[in-house]
Amino acid sequence: MTQVITRFPPSPTGHLHVGGARTALFNWLWARKNGGKFILRIEDTDVARSSEEMTQGILDGMRWLGLDWDEGPYFQSRRIDLYNQYIDQLLETGHAYFCACTPDEVEAMRAEARATGAVPKYNGRCRGRDLKNGPGRVVRFKTPESGETAFQDLVKGPVAVPNAQLDDMVLRRLDGMPTYNLAVVVDDVTMNLTHVIRGDDHLSNTPKQVLLYEAFGRDLPRFAHVPMILGPDKKKLSKRHGATSVTAYRDMGYLPEAMVNYLVRLGWSHGDQEVFHLDELLRVFSLDHLGTAACVFDQSKLLWLNNHYIKNEPVERIASLLAVHLTERGFGRADENYLQLIVPLLQPRAGTMVEMAEMAEFFVVEDERLPMDPASVDKFLTPEARGHFGRLRPRLAEVVVFDQQSLEAMFKEYLVEQGVAFKVLAQPLRVALTGKTKSPGIYEIMEVLGKDRVLRRLARAERKGEAAGPTG
RNA sequence: GUCCCCAUCGUCUAGUGGCCCAGGACGUCGGCCUCUCACGCCGGUAACGCGGGUUCAAACCCCGCUGGGGACGCCA
């Protein structure tokens, strides 16, 4: 049994998008599950469109998701000599030739073919000319003119394409750089890849690559072409669909485990199971339950999973994430011990960490600066409510152990005495303490806020209500 | 246009000839819980694209159609 070797080869011409991330995840899982090797390779042969920032962004995304690599990142731009060696080999063995046609000429050939309904491709004009190397000359592959090229795919099964359909692809460009198909094959061959797991938008490239493997006299790796991830409109996922880069999801307050969990279930299944923790995934992931049909990226399910992880992760972890998002919102570094008190109240309510930070604001803001929603003030801080606040404050001041239990007992007594239901006090109190009408439970909030701040907020609410309430 | 791939609830999927007048999850709808909002719990809605075969039996196998996606670059 040879060691499993997989790779993820992003091109630094864009962000690490969710589709790429899922491909990386599948490759990573397969390598890790089999005790193999996972290689990261940056495909930057398109010098004009590649950038260092994109490379860093991709690496950030990988690290955030926890997809660590054993080798690399390799950069194709630093392996030019290697590619040239292989190109020379193809030239020597008669599998490739020099071509002097200009891009414009080739485009004209394609247009012509298209016009007659034929396959738009290079017409092979330089194929028999036996040209030598020289300026203005690219290297093309001599694609067989008849027959077909076939291979076995782990998800698609047998795939075959007529060779007549294939172009005499360029192997080395005018600028001396290798093209994608050549570089991928050389890399995959020299890195001894055993499995190539990638999006099925590469399916039609595969026959060309198979031809190259054959020309090099090398065995094929196992191919697994996973279906694409589409937008809600069933079109290829793009910026039009909103956030598509994984780092954008990080910034929106998603947890990496939620992202990983969501992604792995897109095109892969393990019976009816929806929630997978990493150690479990490593155990049960396999290539034979990959789906065959394209799938749609569903934000609402991701959100559900994210809330699931927010609810179940340890309070300390969530609290430190909350701290990050609070500073992001302009709050000073909050005391983590304090944050750990409020996190349990927010865990079931927050879909993302950004939402949680929003909900946490009233806990961390200064009492006198608590924003009060005007409509809620008008509606709930009535003269009657203010009357209750006035009577409640002295009693609250006397509560010795300011916790939920004591507070509940104190309120119970007060309610009986006044002959009112808690219902009539709840919303006014909520508005007084949080400035809003939606929040965790009143007693929970009071305990976390503490006596002094509760008293201050009630007093302030009385003043606010007066100012706002002409009906008083 | 040509080639390749695909086709189960709105979405992700289970299903590999009888266990399926199709199961789970998200969403959605209704209810319970309740100090608001959530969480949780209970229940409902909702799918095998169409037409032919093969078979005692088809969501599952074969053919065609339709629909969708991808590719056809000196991008990856």
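Here is how names work: the chains are called A, B, and so on, in the same order as the sequence lines, proteins then strands, and each is numbered from 1.
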Heavy atoms only, 4.0 Å cut-off, all strands: where does [X] land among base, sugar-phosphate and nothing?
X        : value
A:His289 : sugar-phosphate
A:Ala160 : sugar-phosphate
A:Gly117 : sugar-phosphate
A:Ile442 : base
A:Val161 : sugar-phosphate
A:Ser269 : sugar-phosphate
A:Gly291 : nothing
A:Thr45  : sugar-phosphate
A:Pro440 : base
A:Arg430 : base

Under a 4.0 Å threshold between the charged nitrogen and the carboxylate oxygen, would [Y] count as salt-bridged to [X]?
X        : Y        : value
A:Arg395 : A:Glu417 : yes
A:Glu257 : A:Arg317 : yes
A:Arg41  : A:Asp188 : yes

Can you tell me the pairing partner of [N] across any strand shown, Watson-Crick or G-U wobble, with both distances under 3.5 angstrom?
N      : answer
B:rC32 : B:rG40
B:rG67 : B:rC6
B:rC72 : B:rG1
B:rC61 : B:rG53
B:rA25 : B:rU11

Integer-rounded Å distance: [N] [atom2] and [X] [atom1]:
X        : N      : atom1 : atom2 : answer
A:Phe380 : B:rC37 : CZ    : P     : 10 Å
A:Lys301 : B:rU11 : NZ    : P     : 13 Å
A:Leu392 : B:rC35 : CG    : P     : 17 Å
A:Leu305 : B:rU11 : CG    : P     : 18 Å
A:Leu16  : B:rA76 : CG    : P     : 18 Å
A:Leu345 : B:rC37 : CG    : C1'   : 13 Å
A:Gln299 : B:rG10 : CD    : P     : 20 Å
A:Leu290 : B:rC12 : CG    : P     : 16 Å

Expressed as a whole number of Å, how far does the [atom1] atom of [N] sit from that of [M]?
N      : M      : atom1 : result
B:rG27 : B:rU11 : P     : 16 Å
B:rG23 : B:rG64 : P     : 32 Å
B:rG31 : B:rC37 : P     : 13 Å
B:rC19 : B:rG30 : C1'   : 32 Å
B:rA46 : B:rU8  : C1'   : 12 Å
B:rC3  : B:rA47 : P     : 36 Å
B:rA57 : B:rC39 : C1'   : 47 Å
B:rU54 : B:rU45 : P     : 37 Å

Verify whether one side chain among A:Ser286 and A:Asp288 offers a donor that lies under 3.5 Å from an acceptor in the other.
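Yes.
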Do A:Met109 and A:Arg125 pass the side chain to side chain contact (heavy atoms under 4.5 Å, CB included) test, and can you show the C-alpha distance, the side-chain angles, and the key distance before you say yes or no?
CA-CA 10 Å; A:Met109 292 173 198; A:Arg125 185 168 64 178; 4.2 Å; yes
Residue closer to the 5' end of RNA chain B, A:Glu274 versus A:Asp167 (nearest nucleotide):
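The residue whose closest nucleotide sits nearer the 5' end is A:Glu274.
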Between A:Pro158 and A:Pro348, name the one whose nearest nucleotide on RNA chain B is closer to the 5' end.
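The residue whose closest nucleotide sits nearer the 5' end is A:Pro158.
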Over all atoms of both residues, closest heavy-atom pair of A:Arg22 and A:Cys295:
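What the structure gives for the nearest pair is NH1-SG, 4.0 Å.
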Would you list the protein and nucleotides 69-71 of chain B atom pairs, both N or O, that sit under 3.5 Å from each other?
residue: B:rG69; atom: OP1; partner: A:Lys235; partner atom: NZ; Å: 2.6
residue: B:rA71; atom: OP1; partner: A:Lys236; partner atom: NZ; Å: 3.2
residue: B:rA71; atom: O4'; partner: A:Ser204; partner atom: OG; Å: 3.1
residue: B:rA71; atom: O2'; partner: A:Ser204; partner atom: OG; Å: 2.8

Side chain to side chain donor-acceptor pair (under 3.5 Å) assessment of A:Asn306 paired with A:Tyr262:
CA-CA 9 Å; A:Asn306 202 52; A:Tyr262 179 68; over 6 Å; no
Among A:Tyr414, A:Phe402, A:Phe389, which residue satisfies the side-chain contact (heavy atoms from CB on, under 4.5 Å) criterion with A:Leu396?
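It is A:Phe402, the one option of A:Tyr414, A:Phe402, A:Phe389 that forms the side-chain contact (heavy atoms from CB on, under 4.5 Å) with A:Leu396.
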Aromatic rings A:Trp268 and A:Phe285: how do their planes relate, parallel, tilted or perpendicular, breaks at 30° and 60°?
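Because their plane-to-plane angle lies in the 30° to 60° range, the rings of A:Trp268 and A:Phe285 count as tilted.
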Is the A:His225 ring parallel, tilted or perpendicular to the A:Phe223 ring (thresholds 30°, 60°)?
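It falls in the parallel class, under 30°.
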Does [X] make a side-chain N or O approach to OP1 or OP2 of [N] shorter than 4.0 Å?
X        : N      : answer
A:Arg110 : B:rG73 : yes
A:Lys311 : B:rG40 : yes
A:Thr437 : B:rC37 : no

